[in-house]
Protein chains: 2
Amino acid sequence: MAEPTRPMRRQEIRRENEKTILVAAEKVFAEAGFGGATMQLIADLAGLPKANLHYYFATKEELYRSVVQNIFEIWLQAANCFDAARGPIDGISAYIDAKMEISRRHPDGSKVWASEVMHGAPVLQDYMESTLREWTDGRVEIIRRWIEEAKMDPVDPRHLLYMLWATTQHYADFGHQIETLNGGKPLSDRQWREAKENIKRVILTGIGALPA
Amino acid sequence: MAEPTRPMRRQEIRRENEKTILVAAEKVFAEAGFGGATMQLIADLAGLPKANLHYYFATKEELYRSVVQNIFEIWLQAANCFDAARGPIDGISAYIDAKMEISRRHPDGSKVWASEVMHGAPVLQDYMESTLREWTDGRVEIIRRWIEEAKMDPVDPRHLLYMLWATTQHYADFGHQIETLNGGKPLSDRQWREAKENIKRVILTGIGALPA
DNA sequence: GTCTATAAGACGATAGAC
DNA sequence: GTCTATCGTCTTATAGAC
């Protein structure tokens, strides 16, 4: 046991550097897209020589893949809000809150995800056909049950889910447009709260879960 | 008047070739993003030598700018549906129909627009700060009047507009995801109709314009 | 107005010293 | 594990014959 800390140090160095690179990569991919992003830009933002990126991630595509998979994990976590709920008011409120929090705290990740889907999901196609489809089918079943139990109006569950995804994701993907229309300033705490409340109120009222 | 048609021919050739190039460019920019698109890909799709593209559009950026401006024109046209309306049911229904028709018939344009905004609107920033802002402010006023006249509930007009943009645009930008969740098949006529009806019903009910 | 050939530069990736 | 120097390729853009 002469050098008990050495192997752990190495692991930690790797873990930390990978994290630094992934954070920088997410930002650059979000701002420039996959094609517009360069390893040099990512390296500069991470404060590392370009060759080090290739030491940790063999290719640009492998780095991009890691960024996208990270985001998918976060997305799935938020998706769980739906499960514990007893009805649409609980479930949909919690889901909107969670997704809006992602749009606010993780706008770069949201943009990379949007870009990936817009370009035909070259990396995520497998996940979309397995994990995402299963999750969606499960949530469609839950919504159907809510409708049967007369907890909400008979709204098509899939189009309702698309509406939830669209409205919440919009605040990240089109954040620049919203900021411009807000006089060039980011939304304040109060405005984010209002956004959430408006979405929840319109949708929950619209599906007949809240009294009009 | 020896050759009266010659100058007109030239104009027509130019107009037609520019159109061909713009159509191809929109598709390639939508599929690959600005950075991922190459003049070679666009030339191949247009069926022209690469050098011809540079004859009609000096640089890749100028070509991209033309594509984006075309889309903005279409977007503005749909926006007019709001004006002739006597109330939220007319106005918002017509606007949703128009925007959904754009998402369906012009998905590539929608994606280029989304990509442009996501990357900070490098080309459209001026338009967003002038034309888009004016349009938005005008529509906010209309919605405010509807609220005063008790034609709908007091919903924040801006967040309502964002909701309309988000839900309709989603069917173009995330069309690949929707298609995947639809068993790999594009939405049918009937499904598009259902999508429109769902959105209209949920939003119009949600803002208190339709009875719950 | 069309097209081939090519210049000039940027990019992803790697070799190899430390 | 870090970093400099560089290779080979791809891309934008242009020159110049037709």
Side-chain angles (χ1 to χ4, degrees), chain A residues 3-29 31-68 112 115 119 122-123, chain B residues 3-68 115 119 122-123:
Chain A
E3 293 162 337
T5 58
R6 184 81 71 73
M8 190 156 161
R9 280 267 165 77
R10 289 233 176 123
Q11 273 186 33
E12 270 179 42
I13 287 174
R14 171 165 279 273
R15 212 177 38 79
E16 263 183 39
N17 280 338
E18 282 181 356
K19 182 68 187 168
T20 304
I21 293 167
L22 283 169
V23 168
E26 182 179 279
K27 191 173 174 63
V28 173
F29 282 132
E31 286 176 357
F34 179 81
T38 68
M39 296 298 266
Q40 189 64 63
L41 272 172
I42 297 169
D44 290 348
L45 187 61
L48 292 169
K50 192 178 62 155
N52 285 31
L53 266 63
H54 283 99
Y55 176 74
Y56 288 103
F57 299 92
T59 67
K60 181 183 176 184
E61 200 173 320
E62 185 185 319
L63 175 53
Y64 173 75
R65 187 182 302 270
S66 295
V67 170
V68 170
V112 175
S115 194
H119 298 138
V123 162
Chain B
E3 294 163 335
T5 58
R6 184 82 70 76
M8 191 159 162
R9 280 269 165 77
R10 290 234 176 122
Q11 272 185 34
E12 270 179 43
I13 287 175
R14 171 165 280 275
R15 212 177 39 80
E16 263 183 40
N17 280 339
E18 281 181 355
K19 183 69 187 166
T20 304
I21 293 167
L22 284 169
V23 168
E26 181 178 279
K27 192 173 172 62
V28 173
F29 282 132
E31 285 176 357
F34 178 81
T38 68
M39 296 297 268
Q40 189 63 64
L41 272 173
I42 297 169
D44 290 349
L45 187 60
L48 292 169
K50 192 178 62 155
N52 286 30
L53 266 61
H54 283 100
Y55 176 73
Y56 288 102
F57 300 91
T59 66
K60 180 183 176 185
E61 200 173 319
E62 185 185 319
L63 175 53
Y64 174 74
R65 187 182 304 269
S66 295
V67 170
V68 170
S115 195
H119 298 138
V123 162

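Chain A is the first sequence line, chain B the second, and so forth, proteins listed ahead of strands; every chain is numbered from 1. A quick note: this is a predicted structure, and the numbers were derived from the prediction, not measured.
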Note, B:Asn17 side chain near B:Asn52 side chain (heavy atom, < 4.5 Å): no
Student check: side-chain heavy atoms of A:Glu26 and A:Leu22 closer than 4.5 Å: no
Candidate nucleotides D:dG1, D:dC3, D:dT12, ranked by approach to the side chain of A:Asn52 - the nearest: D:dC3
Touch class at under 4.0 angstrom, heavy-atom based, for A:Tyr56 against every strand present: sugar-phosphate
Along DNA chain C (nearest heavy atom to each residue), the more 5'-positioned of B:Ala51 and A:His54: B:Ala51
Proximal nucleotide (of C:dG1, C:dC3, D:dT12) relative to the B:Lys60 side chain: D:dT12
A:Met39: which of A:Leu53, A:Val28, A:Asp44 passes side chain to side chain contact (heavy atoms under 4.5 Å, CB included): A:Leu53
Among D:dA13, D:dG1, C:dT2, the one nearest B:Tyr55 by side-chain distance: C:dT2
Rounded distance (Å) that lies between atom C1' of D:dA13 and atom CD of B:Glu61: 14 Å
Atom-to-atom span, CE of B:Met39 to P of C:dA8 - whole angstrom: 20 Å
Rounded distance in Å - CD (B:Gln40) to C1' (D:dC10): 11 Å
Distance, rounded to the nearest Å, where B:Leu53 contributes CG and D:dT12 contributes C1': 12 Å
A:Gln11 CD to D:dG1 P, straight-line distance once rounded to whole Å: 10 Å
Sugar-phosphate, base or nothing in reach of A:Ala43, heavy atoms under 4.0 Å: nothing
Flag if over 12 foreign heavy atoms under 6.0 Å of CD, B:Glu18: yes
Side chain of A:Thr59 (C-beta onward), nearest among D:dC3, D:dT12, C:dA13: C:dA13
Atom-to-atom span, CD of B:Glu62 to C1' of D:dA13 - whole angstrom: 13 Å
Interatomic distance where OH belongs to A:Tyr64 and C1' belongs to C:dC11 [whole Å]: 19 Å
Check against side chain to side chain contact (heavy atoms under 4.5 Å, CB included), B:Glu31 and B:Leu41: CA-CA 11 Å; B:Glu31 285 176 357; B:Leu41 272 173; over 6 Å; no
Spacing between A:Lys50 atom NZ and D:dT2 atom P, to the nearest angstrom: 17 Å
